[in-house]
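Okay, structure first, notes after.
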Amino acid sequence: PIQRRNPLRPDELSAEELTSLQNHVRYQLARTYKNQALCFPPASSDRTASLTAAIDQLQQPLLQLAPGQSLYVDLRLEQIACLRLLGDLSGAAAYLKALSEADLSPQEQLSVQVERIRWQLAKGQANEALKVVTEGRTIARVTLAELDFAFLETYVSLWKSAADGREQEDASRWRDKSIATAKFVEQEHGAYWARRAEILLVRIGAGSGDGSVDILRRTADDLYRKGNLDDAITAYDKAAAAAINAAELDQSFELAYKAALVLQQQQKHPEAATRFQKLALAQKSHAYAANSHLLAIANTRQASAAA
């Protein structure tokens with residue numbers, strides 16, 4: 001424990017305040033190590049090393065603090081998450097059980113619910129995770145973005161399981177539930193959580209060979225953000241074709257328009273001009289048909305100037 005002389009000067013922190021500050025620093029450093037671990041592949045030595053470092057940072061504060069004291073629950077939840085990520089599910093379960101039985105604030109209860117869901121998912125028990133999901137997303141009107149994201153993780157896991165088992169009806173149902181939840185997360189929690197949700201959907205959708213317009217659009221947007229422009233154009237074309245098959249003409253126009261814009265960005269003006277012109281003529285009543293026609297003219301001019 002940190003010791004300070006008495007009496008303290010007015011600008012000095014007490015021993016208790018210094019210890020609290022030290023514990024908060026260790027907590028944030030543990031979170032940093034955990035997030036660093038997530039940048040490495042599962043079961044890799046780098047991930048294991050980072051998670052072990054995170055747990056080391058948590059040990060001293062957890063020895064100093066008692067249940068009910070400030071920061072205790074946050075520290076314990078980080079420890080549970082690190083143990084889960086290391087594959088020590090029994091170790092995580094023991095601490096999780098103790099927290100589940102404690103007298104916690106609404107936000108802390110929701111945070112424990114997040115870990116209960118993810119613990120079940122780590123065990124491969126998506127149906128058990130779903131039971132935790134049915135407990136609801138609010139306590140005393142308090143909500144938590146991480147919990148809504150854990151709901152999405154559950155639905156995505158059920159979608160993947162059904163797709164792997166070629167259970168098409170269930171796969172479609174859980175895919176639609178996942179997409180709806182991702183949109184809800186975006187509306188409720190903003191851009192950061194929307195991006196996380198999109199990455200999750202794209203990863204599972206690409207692996208399942210899903211042909212839904214929404215998943216294909218998200219995949220194309222993701223490729224564009226990563227700078228894979230040729231692949232993005234191919235994905236936008238695929239999504240546009242799927243939208244036409246689904247009779248979603250406005251979506252098909254938007255997706256084809258994006259593909260043409262990417263070509264324009266690549267300065268492939270002749271091809272961009274052809275696409276814009278074709279799109280303007282195919283859907284003359286669309287709100288952006290006139291703009292597409294103007295872009296066709298502009299790209300034709302650029303192509304002529306470069307010739």
**OP:** Let me see the working for I215 and S212 under side chain to side chain contact (heavy atoms under 4.5 Å, CB included), right down to the final yes or no.
**Re:** CA-CA 5 Å; I215 295 297; S212 74; 3.1 Å; yes
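- Side chain to side chain, R116 and Q113 fail the donor-acceptor criterion of an N or O pair below 3.5 Å.
- Ion pairing between a basic and an acidic side chain is recognised when a charged N comes within 4.0 Å of a carboxylate O; R76 and E108 show no such pairing.
- For S157 (side chain) and E153 (main-chain N/O), no donor-acceptor pair under 3.5 Å exists by modelled atom type.
- The stretch residues 87-100 participates, sequence neighbours left out, in these side-chain hydrogen bond (donor to acceptor under 3.5 Å, both in side chains) pairs: D88-S90, K97-E101.
- For the atom pair CG of L147 and CZ of R118, the computed distance is 9.0 Å after rounding to the nearest 0.5 Å.
- Side-chain heavy atoms closer than 4.5 Å link hydrophobic residues (I, L, V, M, F, W, Y) into clusters, and following such links, even through other members, never connects L63 to L75.
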Show the atom names and distances, to 0.1 Å, of all donor-acceptor pairs under 3.5 Å that link a side chain in residues 285-295 to residues at least two apart or in another chain.
from: H286; atom 1: ND1; to: Y288; atom 2: N; distance (Å): 3.0
from: N291; atom 1: ND2; to: Y257; atom 2: OH; distance (Å): 2.5
from: S292; atom 1: OG; to: F276; atom 2: O; distance (Å): 2.8

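- For the pair D214/K183, a side-chain contact is recorded, criterion being any heavy-atom separation below 4.5 Å from C-beta on.
- The shortest side-chain heavy-atom distance between T154 and V132 does not fall under the 4.5 Å cut-off.
- Between the side chains of D56 and Y33, not a single donor N or O lies within less than 3.5 Å of an accepting N or O.
- W174 and Y155 have parallel rings, their planes meeting at less than 30° on a 0 to 90° scale where 60° marks the start of perpendicular.
- The shortest distance between side-chain heavy atoms of S172 and R175 falls below 4.5 Å.
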**OP:** Go through I233 and R275 one step at a time and tell me if the side chain to side chain contact (heavy atoms under 4.5 Å, CB included) criterion holds.
**Re:** CA-CA 12 Å; I233 292 168; R275 283 179 177 247; 4.0 Å; yes
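- The side-chain heavy atoms of D221 and K258, taken from C-beta on, include a pair separated by under 4.5 Å.
- With values rounded to the nearest 0.5 angstrom, L62 atom CG is found 6.0 Å from L58 atom CG.
- Neither side chain, T32 nor Q28, offers a donor N or O lying under 3.5 Å from an acceptor on the other.
- The distance from atom CD of Q120 to atom CD1 of I117, rounded to the nearest 0.5 Å, is 9.5 Å.
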**OP:** Show your reasoning for whether side chain to side chain donor-acceptor pair (under 3.5 Å) applies to Q266 and D230.
**Re:** CA-CA 9 Å; Q266 292 180 306; D230 289 336; 3.0 Å; yes
Original post:
Does the side chain to side chain contact (heavy atoms under 4.5 Å, CB included) test come out yes or no for L229 and L263, once each step is laid out?
Top reply: CA-CA 8 Å; L229 300 187; L263 284 166; over 6 Å; no
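- Using a distance-only test at 3.5 Å, with no hydrogens or angles considered, a donor-acceptor pair links the side chain of Q69 to the main chain of A66.
- When the side-chain hydrogen bond (donor to acceptor under 3.5 Å, both in side chains) test is applied to S111, no partner is found at least two apart in sequence or on another chain.
- Looking only at side-chain heavy atoms (C-beta outward), D222 and R195 come within less than 4.5 Å of each other.
- Atom CD in E188 sits 15.5 Å away from atom CZ in F149 (nearest 0.5 Å).
- At a threshold of 4.0 Å, the pair E78-R26 does not count as salt-bridged, since none of the basic side-chain nitrogens sits closer than that to a carboxylate oxygen.
- L158 has its side chain within reach of N127: a pair of non-hydrogen atoms, C-beta onward, lies under 4.5 Å apart.
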**OP:** For Q109 and S105, run side chain to side chain donor-acceptor pair (under 3.5 Å): C-alpha distance rounded to whole Å, both residues' side-chain angles, the deciding distance at 0.1 Å, then the answer.
**Re:** CA-CA 6 Å; Q109 290 179 59; S105 70; over 6 Å; no
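- Checked by atom type and distance alone, the side chain of H24 pairs as donor or acceptor with a backbone atom of S20 at under 3.5 Å.
- For the side chain to side chain contact (heavy atoms under 4.5 Å, CB included) with R47, the lone residue among S50, S45, S44 that qualifies is S44.
- Two residues are said to be in side-chain contact when any heavy atoms from C-beta on lie closer than 4.5 Å; H269 and T300 fail this criterion.
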Original post:
Does the pair V213 and L255 meet the rule for a side chain to side chain contact (heavy atoms under 4.5 Å, CB included), with working shown?
Top reply: CA-CA 10 Å; V213 176; L255 292 161; 4.2 Å; yes
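- Enclosure of atom CD in E128 by more than 12 non-hydrogen atoms of other residues, nucleotides or ligands within 6.0 angstrom is indicated.
- With W119 contributing its side chain and L89 its backbone, the two residues share a donor-acceptor pair below 3.5 Å.
- A side-chain donor-acceptor contact under 3.5 Å links Q265 and Y224.
- Both L121 and L144 are members of a single hydrophobic cluster when ILVMFWY side chains are connected at heavy-atom separations under 4.5 Å.
- Annotation: Q107, atom CD; neighbour count of heavy atoms from other residues, nucleotides and ligands within 6.0 Å does not exceed 12.
- Seen from the ring of F151, R137 does not count as a face-on cation partner, given the 6.0 Å and 45° thresholds.
- Once rounded to the nearest 0.5 Å, the distance linking OG1 of T138 with CG of L110 reads 7.5 Å.
- Residues D148 and T181 form no side-chain contact, since every pair of their non-hydrogen atoms from C-beta on lies 4.5 Å or further apart.
- Hydrophobic clustering (side-chain heavy atoms under 4.5 Å, transitive across Ile, Leu, Val, Met, Phe, Trp, Tyr) keeps L104 apart from V114.
- P270 approaches A303 most closely through the heavy-atom pair CG-CB, 3.8 Å.
- If you take CZ on R203 and OG1 on T219, they are separated by 12.0 Å, rounding to the nearest 0.5 Å.
- Counting only N and O atoms by type, the side chains of Q283 and D250 include no donor and acceptor under 3.5 Å apart.
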